[in-house]
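Bear in mind the structure is a predicted one, so any value in this text is a computation, not a measurement.
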Amino acid sequence: MGAKAKKALKKNMKKVSASAAAASSQLALPQNPKPSADFLPLEGGPARKAPVTQPLENKATVLYIGRIPHGFYETEIEAFFSQFGTVKRVRVARNKKTGKSKHFGFIQFEDAEVAEIAAGAMNNYLLLEHMLQVHVIPPEHVKPKLWKGFKCNYKPVDWVQIERRQHNKERTLEEHRKMLQKVVKRDQKRRKRIAAAGIEYECPELVGNTQPVPKKIKFSED
């Protein structure tokens with residue numbers, strides 16, 4: 001190949017490379033493309049920003065206390081939990097008839113943060129061989145009836161005194177006879193059980209008076 005042919009080949013190569021560069025520049029995307037109709041912004045002004053959501057404040061100040069041991073009542077609960085903060089009121093669930101504790105209750109603090117700290121510290125706390133169950137009650141679950149009777153001072157029923165009055169009350173002649181009949185029936189049943197067991201035993205005879213005890217008469221000093 002001569003020199004003229006080589007020069008002509010080089011010119012042709014330059015033309016081909018220039019045309020290829022122009023074609024590639026046309027295929028390349030523009031720097032600021034126009035948005036298509038499918039992605040046009042909605043009309044009506046600039047876009048609004050979403051509102052900033054703030055975390056909800058904790059307003060729960062009431063705690064549930066379960067598995068309360070015997071002897072750990074209102075006064076003791078208030079004194080024990082006052083180490084965390086100011087206690088507003090305490091209520092222990094009790095039996096309406098006997099006044100005995102049902103082993104669960106409620107306590108209210110003035111500050112919600114204090115209530116949350118107390119619940120976390122006292123939950124599953126071993127006290128007098130009882131594992132306390134302490135949980136925060138949401139405000140929407142706290143009903144007005146929950147604190148009904150929290151200031152009542154329950155007095156346990158003295159059953160010994162009641163039985164003593166029943167035993168020592170003044171009876172009429174008819175009531176005294178019914179009481180003696182019950183005593184005789186119990187004695188007969190006891191004799192039959194002893195005889196059925198094959199035991200040779202002579203039960204002592206009942207000794208008593210069919211007349212009621214006379215009433216006590218008080219005389220004036222005049």
Taking [X] for its side chain and [Y] for its backbone only, find out whether a donor-acceptor pair lies under 3.5 Å.
X	Y	answer
H130	I68	no
N123	V134	yes
Q188	K185	no
R89	I107	no

Distance-minimising heavy-atom pair for [X] and [Y]:
X	Y	result
P204	R191	O-NH2, 3.2 Å
R190	D187	NH2-OD1, 2.6 Å
H135	Q133	NE2-OE1, 3.9 Å
I194	C203	CD1-SG, 4.0 Å
A60	I137	CB-O, 3.5 Å

Check: [Y] and [X] side chains under 4.5 Å, non-hydrogen atoms:
X	Y	value
W147	Q108	yes
F81	V90	no
V136	L63	yes
V62	P138	no

Shared ILVMFWY cluster between [X] and [Y], side chains joined below 4.5 angstrom?
X	Y	answer
L126	F84	no
I77	M131	no
F80	F109	yes
Y73	Y125	no
M179	L173	no

If I take atom [atom1] from residue [X] and atom [atom2] from residue [Y], how far apart are they, to the nearest 0.5 angstrom?
X	Y	atom1	atom2	value
N124	L132	CG	CG	9.0 Å
I162	H167	CD1	NE2	16.0 Å
L127	E76	CG	CD	10.5 Å
D158	R165	CG	CZ	8.5 Å
K88	D111	NZ	CG	11.0 Å
R171	K169	CZ	NZ	6.0 Å

Which residues pass the side-chain hydrogen bond (donor to acceptor under 3.5 Å, both in side chains) test with Q161, not counting sequence neighbours?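 Q161 satisfies side-chain hydrogen bond (donor to acceptor under 3.5 Å, both in side chains) with R164 once adjacent residues are dropped.
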For side-chain contact (heavy atoms from CB on, under 4.5 Å), just list the numbers for L146 and F106, CA-CA rounded to whole Å, side-chain angles, deciding distance to a tenth of an Å, and then say yes or no. CA-CA 8 Å; L146 187 141; F106 307 93; 3.8 Å; yes
Would you sort out whether V114 and E110 count as a side-chain contact (heavy atoms from CB on, under 4.5 Å), showing the intermediate values? CA-CA 8 Å; V114 174; E110 285 189 354; over 6 Å; no
Show, in sequence, the C-alpha distance, side-chain angles and deciding distance for R67 and F104, and conclude whether the side-chain contact (heavy atoms from CB on, under 4.5 Å) test is met. CA-CA 6 Å; R67 299 183 184 177; F104 73 92; over 6 Å; no
Do the side chains of E74 and R94 get close enough for a salt bridge, i.e. N-O under 4.0 angstrom?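 Salt bridge flag = yes for R94 with E74.
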